[in-house]
Amino acid sequence: MPAVLTLAGLFLVVSVPSARGDAELRFLGETHFVVDETSRTVVRLLVERTGDPVNVTALVLLEGEDTGDFEATTAAAFLLSSETTKTIFIAVRDDDVPEADETFLFTLRLQSSSNGVTVGTPNTATITILSNDNAFGIISFNSTSLITVSEPRGRNQYVPLSLIRERGTYGTVAVNFEIVGGPNPAIEDLSPDMGNITIPPGRSVVVFSILIQDDQLPEDDEYFTVRLSSVAGGALINPNRSSVQIKINRNDSPLRFAQTVLAVSEETGVVNITVTRGLTSEGQLIGSDDSEVSIDYAVVSGNSSASATPGSDFRDLQAGRTLVFPPRVYEAQLRFEIVDDAVPEIAESFQVVLLEDSLKGDAVLLAPAVAQVTIEPNDKPYGVLSISSGLLAQTVTVNEDSTPRFDGITVVRNGGTHGNVSVDWTVTRNSSDRSPVSDDLTPASGTLRFAAGQMAAALPDHRGRRRAGGGGGLHLQAAAQEREGRGRGGRANGAGVLHPGQRRRVRAVPVPPGRGAADPERAVRPLPVSQLPADGGHPGGRLAGLHRPLRPRRARDPARARDGVLNGTRANSALFSDGQSLARLALPIRNDAFLQNGAHFLVQLDSVELVNIRTPIPPVSPRFGGALNISLRVTPDIANGEIGFTNNQTVVVHEPDDNRTNLISLSLRRDGTDGQAVVFWSLRPVGFNRDDVTPGDLGPFSGSVTFLSGQSDASINISVEADIIPEINETVLITLDRVETERFVVYFGTNTDNQILKAGFTSREIVIVENDDPGGVFEFSPRSRGPWIINEGETVELRVVRSQGLLLSQLVRYTVLPAGDVNFYGATGVMEFSPGDREVLVALVARPDGVPELDKTFSVVLSSYSAPPSSLGAAREVNITVLKNDDPFGVIEFIRPGLSEAINESKGLQSHSASFPVVRNRGGFGEVSVFWVLEPVFLETCPLCRATWSSERGNMRKTSLSSPSPMRYQKTKNISQSRFSMLLGAQGLGTC
């Protein structure tokens, strides 16, 4: 152990209790702190001494329970008489325990009572650590598995959903939810479709319910998502478990008739009425089909003449009035027999009704729930109309001179006489006479009407007209017209059947041809087409030339054509002379146009017409045939140059070691290789530390790259140099500034540049990673490396220094081992080095605990507390020895003071002894010998007036000192009573 350090330690120890004077300790500056719980949170408390310049040790102690929120609950600062302030660091421990806002109180105290030094105000500091580690919880569903439910039938059904609150449960939290998705608005099936749930403090699980509504609507499987949308109260939502799906099984299978009205003839025999289950009106499956469904039906028929009579007009062929659908059966038939009789009847109907109250199973009754069966009129219910048979047997002759009026024509109604019936009639000539009938007979046409039940009716009187000339034959015919008839075949008005002479007018309605679908856009191919053929004739054509950048995998759109490429308008023409079958096209490209590699010229044939030829009839030629457009691609060998970096990603490099150089090669690429190009570039430092970038870091800072004609690739080389200067990340931006080409004169007589820089690829960042320990190298200063020897209660001040870089804020931890917190104030702590700080002082005070101890050596160890880790030097550990203290070998004494024993003199074989209990208090280290002696000494009469008693190491039990032999006294003195005193002494490993 170097003597000089030992003396220095003793000097420090001696100087502390010697502090005297009128001085005061207090906190200086901010004493109320609100901080986050992070690994880099360090609170600086400034301790100030005012008054007399004396040495003093200050302690800062956490009041109350140690909750583990700080790296250390104690700290110390030693102020020399020449110092007035010292900084104490309180580091927050970043744990993983959810915590609400917590406030802690730290108190300033003196290490021990120092004469003349007091604690002033402010002497307390509060540190509030804000809520952390999700103190208010992370909200999520306890399960994200699909929840499958069935829609209830005539009752309410709830789906319980559980929310869990993980991590912390502090405070009241309100969680908002909504139901989204599904084929229809969620409120039609679920209730509520949005809302909020309140979670009280301390609660980690809460259950809420969603009502499944019986909507009586046919539905297939429906999927809805219950999603946690937001949360209030400081909590968070777990995005991985923020939603749960609810599946409502297909339900409410629709039940209905396939047809509302059925019209059948009396000769039909059996009519089938179809009832469907689980089908839409379009015949698609919907609703449940995995269970049996049944429903009753009723047959309804009225009492009017239009009502069919059960038994006589129809019969129900079912054995019962219940219709049953087994699982996955979607149609069923109700069968009714139609009775065929010979009675003339008008249309008669009956209805079949599905009874909703009798419905059983997962189904709903939808319209149409009633089917009407109409038996069409039969057996000629409206009668058969004909001219009276007497008139048909012979020709009726009328003399217009003697019979001016004739009313002998009758139409009879045979068969049924239901309803009102009308019939049209007309008189026509049956000879070659072309004159109108009305010249001889009026009226020549009309309508004859029959009332219900009427069996015969006469045509109105016919009046003959006199005229010169011979007689002529006329023909009377009844003609049916399609207006209101309901019968079969040719019909008279009102549904009567004509016989004979029936006819029907039929008008054909032409169906317009369907519109043809537009042809899809014709794909184009990049073909080197330069000639336009013409097959036959001598047509003229029109041509349009377009230029646009290449867009892979997209249709070429003429609207995207770029202007300023063609010399002139986009439209042009080609002329086919008489006899010419092939024309050559030339695209008039501007001499200063930039042709991009991969761009396309889209050439489309627009119109064609004859030139200088006029025909009286529009010709069908010339016309277009074959491909109407072609695409000409600009290839690299004819494209103008477009130059840029191959990518624009940031380049990250490390400074080389020693004196070596790192070479960075940045690739350039030119699209379009026609002609020579020179690219000029430059480097520019960027960022807050741009002034620190020098030519000693990298270079060169500018230059140029030449592309020869036909060359497409080149590179820029940057050298990164090595140095020993601490540096943080340095960023430079390399930029392509301009491109120069050979200037040439084309036949148009103008100068042009045909090389450009590629947009978006003209710059890149280069980052040189921090190097040479920019945050510094930490170790104990030479004066603090010890070893130190102190007594309990004394202070050691250690100095930690930073060498090399001072550019970054760094945290360095120190720890006293072993069990430093038990033996030292400030045994653990975190020192904060701000940029520019070279050293930080920490003080350690050996706790005066009153516990007997031998010499004990502790190590103070430095470690990094920063991320990334700080660099540490070789002197990262210091030893401190605390000398033995608090009577480690014990204190030997009688069990109590003033012991007194009276004994008789031993005579003969009879001996007497005295016992005096002795104890070893305080420490029990080592083996200790205890001497005892009687005074005055009478060896003649008391041979054991001197003796030794030993206590083994660690033995602190009570024992007794006694004389095993009789005490004999000399007879030279006449003593009736003697008094003795026992004295103790000790020797061994320590003093007692």
Side-chain angles (χ1 to χ4, degrees), residues 516-613 618-642 670-675 709-710 712 746-748 752 754-756 758:
D519 291 335
E521 181 181 355
R522 184 188 300 273
V524 295
R525 296 180 301 158
L527 300 175
V529 176
S530 60
Q531 293 179 329
L532 182 67
D535 296 331
H538 310 286
R542 187 169 298 276
L543 172 147
L546 305 178
H547 171 261
R548 63 167 194 83
L550 175 64
R551 294 294 184 270
R553 298 181 183 273
R554 295 183 183 176
R556 297 183 175 89
D557 182 6
R560 298 177 61 87
R562 180 183 295 176
D563 291 325
V565 176
L566 297 178
N567 188 17
T569 64
R570 295 182 181 176
N572 211 325
S573 63
L575 180 64
F576 287 86
S577 301
D578 187 19
Q580 181 181 354
S581 62
L582 193 67
R584 186 177 300 274
L585 305 181
L587 298 183
I589 301 173
R590 293 169 58 98
N591 67 304
D592 59 349
F594 181 83
L595 297 184
Q596 184 183 20
N597 181 31
H600 286 79
F601 285 96
L602 180 62
V603 185
Q604 295 178 321
L605 297 181
D606 179 63
S607 61
V608 62
E609 60 186 17
L610 283 174
V611 180
N612 299 326
I613 298 178
V620 296
S621 67
R623 60 185 177 84
F624 287 128
L628 301 183
N629 55 63
I630 60 172
S631 178
L632 303 180
R633 185 175 183 271
V634 178
T635 57
D637 57 326
I638 63 173
N640 298 129
E642 191 174 22
R670 179 169 68 158
D671 292 333
T673 60
D674 184 29
S709 181
S712 61
V746 297
Y747 65 91
F748 290 102
T752 181
N754 62 350
Q755 309 289 327
I756 65 172
K758 187 175 183 179

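Heavy atoms only, all atoms of each residue included: Thr673 and Ser712 are closest at CG2-CB, 3.7 Å. Ser709 and Arg670 get closest at one heavy-atom pair: CA-NH2, 4.0 Å. Between Leu575 and Gln580, the shortest heavy-atom contact is O-OE1, 3.6 Å.
A distance of 11.5 Å separates CG of Asn629 from CG of Asp606, quoted to the nearest 0.5 Å.
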